[in-house]
S.K.: 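Below you'll find the structure I mean.
This one's a predicted model, so the numbers in the text were calculated from it and none came from an experiment. Naming convention: chains lettered A, B, ... in sequence-line order (proteins, then strands); numbering from 1 in each chain.
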Amino acid sequence: MYLRAQALAGLTLGEVAERAGISVPKDLKRNKGWIGLLLEHVLGASAGSRPEPDFPHLGIELKSLPINEQGKPLETTFVSVAPLTGLTGVNWKNCYVRKKLSRVLWVPVITNKDLPIACRKVGMPFLWSPSIEEENLLALDWQELTDMIVLGEVEKIQGKHGQVLQLRPKGANSQSKTQAFDRHGKPFMTLPRGFYLKIPFTQMLLHKHLRIN
DNA sequence: AGCTGATCATTG
DNA sequence: CAATGATCAGCT
């Protein structure tokens with residue numbers, strides 16, 4: 001599977017889509033997850049929206065990483081939705097973020113905005129598991145953000161919180177609502193949130209990999 | 001130019 | 001509705 005991913009390196013998305021018999025959209029405005037879904041399809045990941053790794057047997061999560069020609073990620077990377085309730089007994093060791101990030105196949109895609117989708121090229125995929133240092137950074141941020149949620153301060157959380165991990169809205173739109181608890185423990189409805197990896201962190205992963213290989 | 005809140009499609 | 005896949009786009 002990793003080898004199949006490496007075989008995609010250097011191909012354009014147009015070529016990959018053609019292999020898969022999938023047509024390429026003009027833009028991603030109404031197909032924001034298209035590249036990720038294309039890669040899942042050609043690599044044989046299990047489809048669907050089930051909360052499982054993309055490759056359950058291998059415990060590997062597939063993430064496409066939009067980068068520019070200089071190798072800089074262009075977007076933050078969504079990790080998972082953030083539970084706002086039922087957090088008693090949840091800690092870093094058993095949390096969903098850690099599980100999701102335990103083994104990730106990153107597939108960089110050169111996604112300069114001025115390039116048509118079909119002309120954008122797949123970079124060299126790499127398999128990653130957090131080093132001790134990386135995991136410590138993630139754990140620190142996760143704990144800070146989770147503490148705030150537990151304290152009923154979810155609406156005080158800004159994207160700037162966290163060094164490598166941030167909490168931002170993750171919903172259909174600003175009208176989306178999910179349940180949370182306020183500082184007095186009373187339930188109220190608020191925007192669903194998700195954990196995202198900040199750009200400098202994924203940039204570091206990419207560059208570490210490039211140095212090693 | 002980067003950040004962060006807002007948004008889109010699809011599925012179970 | 002909430003989870004999957006993310007990128008858009010206005011504001012600073």
Side-chain angles (χ1 to χ4, degrees), chain A residues 5 13 16-17 20 22-56 60-87 95-97 99-101 104-117 120 122-123 125 141 145 148-149 154-180 187 189-204:
Chain A
L13 293 181
V16 174
I22 295 173
S23 60
V24 181
K26 289 185 197 69
D27 60 59
L28 297 180
K29 285 181 186 177
R30 296 192 167 271
N31 289 276
K32 296 187 181 183
W34 185 80
I35 296 177
L37 294 176
L38 173 68
L39 293 173
E40 282 193 353
H41 181 82
V42 299
L43 294 176
S46 38
S49 58
R50 295 187 303 276
E52 286 179 12
D54 297 299
F55 303 95
I60 294 176
E61 177 73 16
L62 176 66
K63 287 281 173 205
S64 65
L65 184 62
I67 61 172
N68 64 17
E69 287 162 337
Q70 289 72 45
K72 174 170 184 175
L74 296 171
E75 295 286 349
T76 56
T77 302
F78 173 70
V79 178
S80 73
V81 291
L84 302 182
T85 60
L87 281 166
C95 79
Y96 201 48
V97 170
K99 184 188 258 181
K100 272 254 174 180
L101 295 180
V104 178
L105 176 63
W106 293 99
V107 183
V109 179
I110 299 171
T111 304
N112 293 47
K113 301 273 188 190
D114 55 349
L115 274 179
I117 311 286
R120 298 178 184 178
V122 180
D141 287 349
L145 296 167
M148 290 184 73
I149 293 171
V154 67
E155 297 198 321
K156 286 187 182 173
I157 300 176
Q158 311 288 305
K160 67 184 179 189
H161 281 98
Q163 299 295 305
V164 299
L165 199 64
Q166 62 181 181
L167 195 74
R168 305 218 311 279
K170 168 63 173 172
N173 53 54
S174 59
Q175 312 310 311
S176 301
K177 290 285 182 286
T178 192
Q179 193 188 88
M189 301 303 280
T190 188
L191 229 42
R193 321 288 164 124
F195 287 106
Y196 295 79
L197 295 176
K198 293 189 172 187
I199 289 174
F201 185 74
T202 47
Q203 181 166 18
M204 176 181 72

S.K.: Rounded to whole Å, please give me the gap between CG in A/Leu37 and P in B/dT10.
M.R.: 10 Å
S.K.: Who passes salt bridge (Lys or Arg N to Asp or Glu O under 4.0 Å) against A/Lys156, sequence neighbours left out?
M.R.: A/Glu153
S.K.: Starting from P on B/dG2, measure out to CG on A/Leu74 and report it in whole angstrom.
M.R.: 9 Å
S.K.: Take atom CG of A/Asn112 and atom C1' of C/dT7, then tell me their distance rounded to the nearest Å.
M.R.: 15 Å
S.K.: Just list the side-chain donor-acceptor pairs under 3.5 Å for residues 68-75 of chain A, sequence neighbours left out, or say none.
M.R.:
unit_1  : atom_1 : unit_2  : atom_2 : d
A/Asn68 : OD1    : A/Gln70 : N      : 2.9
A/Asn68 : OD1    : A/Gly71 : N      : 3.1
A/Asn68 : OD1    : A/Lys72 : N      : 2.9
A/Asn68 : ND2    : A/Gln70 : OE1    : 3.4

S.K.: Nearest whole Å is fine: how far is B/dT10 P from A/Leu38 CG?
M.R.: 15 Å
S.K.: Summarise how protein sits on nucleotides 3-8 of chain B as a single string, 5' to 3': B when a protein heavy atom is under 4.0 Å from the base, S for sugar-phosphate-only contact, - for no contact.
M.R.: -BBBBB
S.K.: Rounded off to whole Å, could you give me the CG-to-P distance for the A/Leu39 and C/dT7 pair?
M.R.: 10 Å
S.K.: NA contact type, A/Pro192, heavy-atom cut-off 4.0 Å: base, sugar-phosphate, or nothing?
M.R.: nothing
S.K.: May I have the distance from A/Leu105 (atom CG) to C/dG5 (atom C1'), rounded to whole angstrom?
M.R.: 15 Å
S.K.: Check the phosphate of C/dT7 against A/Thr111, side-chain N and O only, distance under 4.0 Å to OP1 or OP2. Yes or no?
M.R.: no
S.K.: Given A/Ile35, which partner from the list A/Leu37, A/Leu39, A/Asn31, A/Leu38 fulfils the side chain to side chain contact (heavy atoms under 4.5 Å, CB included) test?
M.R.: A/Leu39
S.K.: Rounding to an integer number of Å, can you tell me how far A/Glu40 CD sits from C/dA6 C1'?
M.R.: 11 Å
S.K.: Please list, chain by chain and in numerical order, all residues satisfying side chain to side chain donor-acceptor pair (under 3.5 Å) with A/Glu155, sequence neighbours excluded.
M.R.: A/Thr190
S.K.: Mind checking side-chain contact (heavy atoms from CB on, under 4.5 Å) for A/Val81 and listing every partner two or more places apart, or none if nothing turns up?
M.R.: A/Phe78, A/Lys170
S.K.: With sequence neighbours left out, write down each residue that passes side chain to side chain donor-acceptor pair (under 3.5 Å) with A/Thr76, or none if nothing qualifies.
M.R.: A/Arg168
S.K.: Whole angstroms only, please: what is the CD1-C1' distance between A/Ile35 and C/dT7?
M.R.: 9 Å
